[in-house]
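To keep things clear, I will list the structure first and then write my remarks on it.
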Amino acid sequence: MTGNNQRFVANPDYVRLITTTEDAAAALQDALSQKKRVSVRSGGHCFADFVCNPDVEVILDLSPMTAVYYDPKMRAFAIEPGARIMNVYETLYKNWGVTIPGGICYSVGIGGHIAGGGYGLLSRAHGLTVDHLYAVEVVTVTSDRKVRTVVATRDDAGEKQDLWWAHTGGGGGNFGLITKYWFRSPGASGTEPKNQLIAAPSRVLVSAISLPWNQLDERKFARLITNFGAWHEKHSGPGTAESNLSSLFNVSHKAHGSLGMFTQVDAAAPQARRILNDYIASILEGVAIEPAPVTTANGEIPAVPAFFTPQDIPWLQATRLVGTDNPTITNPTSRGAHKSAYMNKRFSAAQIGVLYGQMTKPGFANPNTMMVLFSFGGQVNAVEQHSTANAQRRSAYKLCLQTFWSDAKDDAYYLGWERETFEGMFAATGGVPVPGEDTDGCYINYPDTDVAERAHNRSGIGWQQLYFKDNYPRLQKAKLAWDPTDFFRHKLSIELPREPANSESVQ
């Protein structure tokens, strides 16, 4: 059995499809009684082998749990873990005109997406998904290996609040089976459902441009990448008109033929069109390149030539536009490698030099290779880093380096290119983006087990610090309280505290 990434394979004794909270408790008790090693699945999009690996004996699959509804008793919107992101957007918006600031890949399951923090094109305006998480229902395993179902809210105190907090960016597969999330934005008042969560934009301005490789040389490439970083560095703070703009910049390998940029801004925001035009101009400033329409799909950006000239369209249509037509993700033979970094500042000249060299490397001819640069900051950075488990609250943009292929015999080749590129770009800090002035670690929803190996992480800073920074000890405290037998575990799962707790050793 596999998920979306065919590199990772499991051969479990059985898969249990779970339909209700009671069913989840019974399935978990069965696995406990049989002393089976379990993993947890909702959408199957995990970038690592947390769900599918040879040690797994039982996969507890929550994908049948797809309900999205308003719960008047909680005064919050309930979302079950198997609901796919696009279905969540459709249901919330069509019924109540509200949304959550989640991701762009339509088929991702909410279960893991929320647990890891969750972000998307509305995050600069409204923060992370977990900034609106009010409560979570979790089926846990006690110290005497009994099953217990717990609802924890942000209004709770003590261990129950720790359990809620651990699900605001601590990553999936750590504390129990998540069977329900409830969302209510901080400061929401009254009893009307539409007032409990952020309102989705009615309409957005959308731009999509292609930047042909045949017009680029190293100098122009460097200026483009620098311009992107400089704009986001300048506008990384919350509460500005620019916070309503978000951009997805696919720095694709030369084999693809072009780079692609998709940009969206709330059409009702002050000076929306000026902000969009100024943004595009700032990216192209001093580059001397003629942008073109996007006529060939570029990662999660589909062929959308009509948006070369910015268009004002309904928000839900724009949400369907990007991320829903990605042949790489839907390819049933696709194997992939992914690495992430939070960037506080623009890339250095040395980093851009490495990126250019790798994206034009002679003999490398895979068009499904790119570094995705994604707008961050804005309202994300309005939240204090200890308020949620997601600790990265001062970055300007985020990157995901990724490549895809189909044949297992090519694994070493493509993994080698991926590692060479990423470790080369962060060579000054031991091959990883160590939290500091320039970078702020890695994103747990883009998990990469390389960072837990000394061969690839030579920084002396453990993966725990890269993903969770100083929030890790509190996550360990929650682990001890709610999964004291370490029943839920994978290669980058939260560890039980040891004496002394050491969050800086590379394991």
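Computation of the quantities below employed the complete heavy-atom set of this structure, encompassing side-chain atoms and omitting hydrogens, waters and symmetry-equivalent molecules.
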Taking D450 as the fixed residue, which of K491, R458, R419 is the one that meets the salt bridge (charged side-chain N to carboxylate O under 4.0 Å, His left out) rule?
R419

Roughly how far apart are L321 CG and L316 CG, rounded to 0.5 Å?
11.5 Å

Whether D23 and R16 form a salt bridge (side-chain N of Lys/Arg under 4.0 Å from carboxylate O of Asp/Glu) is what I want to check.
yes

Cut-off 3.5 Å, side chains only: do W315 and T319 have a donor facing an acceptor?
yes

With the threshold set at 4.0 Å, does a side-chain nitrogen-carboxylate oxygen contact exist between D486 and K479?
yes

Should the heavy atoms of other residues, nucleotides or ligands under 6.0 Å from CZ of R148 be counted, would the total exceed 12?
no

Carboxylate-amine/guanidinium proximity below 4.0 Å for E90 and R320
yes

Are P435 and L466 side-chain neighbours, meaning at least one heavy-atom pair lies under 4.5 Å?
yes

Under 3.5 Å, is there a donor on one side chain and an acceptor on the other for H45 and S107?
yes

Is the distance between the ring centroids of F376 and H232 less than 6.0 Å?
no

Given 3.5 Å as the limit, does a donor-acceptor pair link the side chain of T421 with the main chain of W417, or not?
yes

Which residue is it: Y413, F364, Y414? I am looking for the one with a ring pair (Phe, Tyr, Trp, His ring centres under 6.0 Å) to W405.
Y414

For Y443, which of F468, F374, Y119, Y467 qualifies under ring pair (Phe, Tyr, Trp, His ring centres under 6.0 Å)?
Y119

Just by distance, do the side chain of D483 and the backbone of F488 share a donor-acceptor pair under 3.5 Å?
yes

Treating E80 as the side-chain partner and G82 as the backbone partner, does any N or O pair qualify as donor plus acceptor under 3.5 Å?
no

Taking the side chain from N445 and the backbone from H113, do they hold a donor-acceptor pair closer than 3.5 Å?
yes

SB check K345 D440 (cutoff 4.0 Å):
no

Short side-chain donor-acceptor distance under 3.5 Å, Y472 and E495:
yes

Donor-acceptor contact below 3.5 Å, side chain T66 vs main chain A83:
no

Between S185 (side chain) and A188 (backbone), is there a donor-acceptor pair under 3.5 Å?
no

Treating Y89 as the side-chain partner and G102 as the backbone partner, does any N or O pair qualify as donor plus acceptor under 3.5 Å?
yes

Within the side chain of N457, is there an N or O that forms a donor-acceptor pair under 3.5 Å with the backbone of I461?
yes

Over all heavy atoms of both residues, which pair between A166 and A478 is shortest? Give the atoms and the distance, please.
CB-CB, 4.0 Å

W165 six-ring face occupied by R154 cation (under 6.0 Å, within 45°):
no

I'd like to know whether NZ of K36 has more than 12 heavy-atom contacts from other residues, nucleotides or ligands below 6.0 angstrom.
yes

Does Q6 reach the main-chain N or O of G3 with its side chain, forming a donor-acceptor pair under 3.5 Å?
yes

Just checking, any donor-acceptor pair under 3.5 angstrom between side chains of T142 and D144?
yes

Quick one: do the S252 and N250 side chains pair a donor with an acceptor below 3.5 Å?
no

Just checking F77 against H132, ring centres under 6.0 Å apart?
no

Ion pair present between K35 and E57, side-chain N to carboxylate O less than 4.0 angstrom?
no

Could you check whether Y446 and H338 have their ring centres less than 6.0 Å apart?
no

Taking the basic N atoms (NZ, or NE/NH1/NH2) and the acidic carboxylate oxygens, is any pair closer than 4.0 Å for R335 and D410?
no

Check whether any side-chain heavy atom of D131 lies under 4.5 Å from a side-chain heavy atom of T388, and answer yes or no.
yes

Taking the side chain as C-beta and beyond, is there a heavy-atom pair between V68 and N87 under 4.5 Å?
no

Short side-chain donor-acceptor distance under 3.5 Å, S406 and T333
yes

What verdict does the side-chain contact (heavy atoms from CB on, under 4.5 Å) test give for V138 and W482, after you've listed the backbone C-alpha separation in whole Å, the side-chain angles of each residue and the deciding distance to 0.1 Å?
CA-CA 10 Å; V138 191; W482 295 104; over 6 Å; no

Quick check against the 3.5 Å criterion: does D49 have a side-chain atom that pairs as donor or acceptor with the backbone of F8?
no

Is the CG atom of N11 crowded by more than 12 outside heavy atoms at less than 6.0 Å?
no

How long is the straight-line distance from OH of Y397 back to CG of L248, given to the nearest 0.5 Å?
14.5 Å

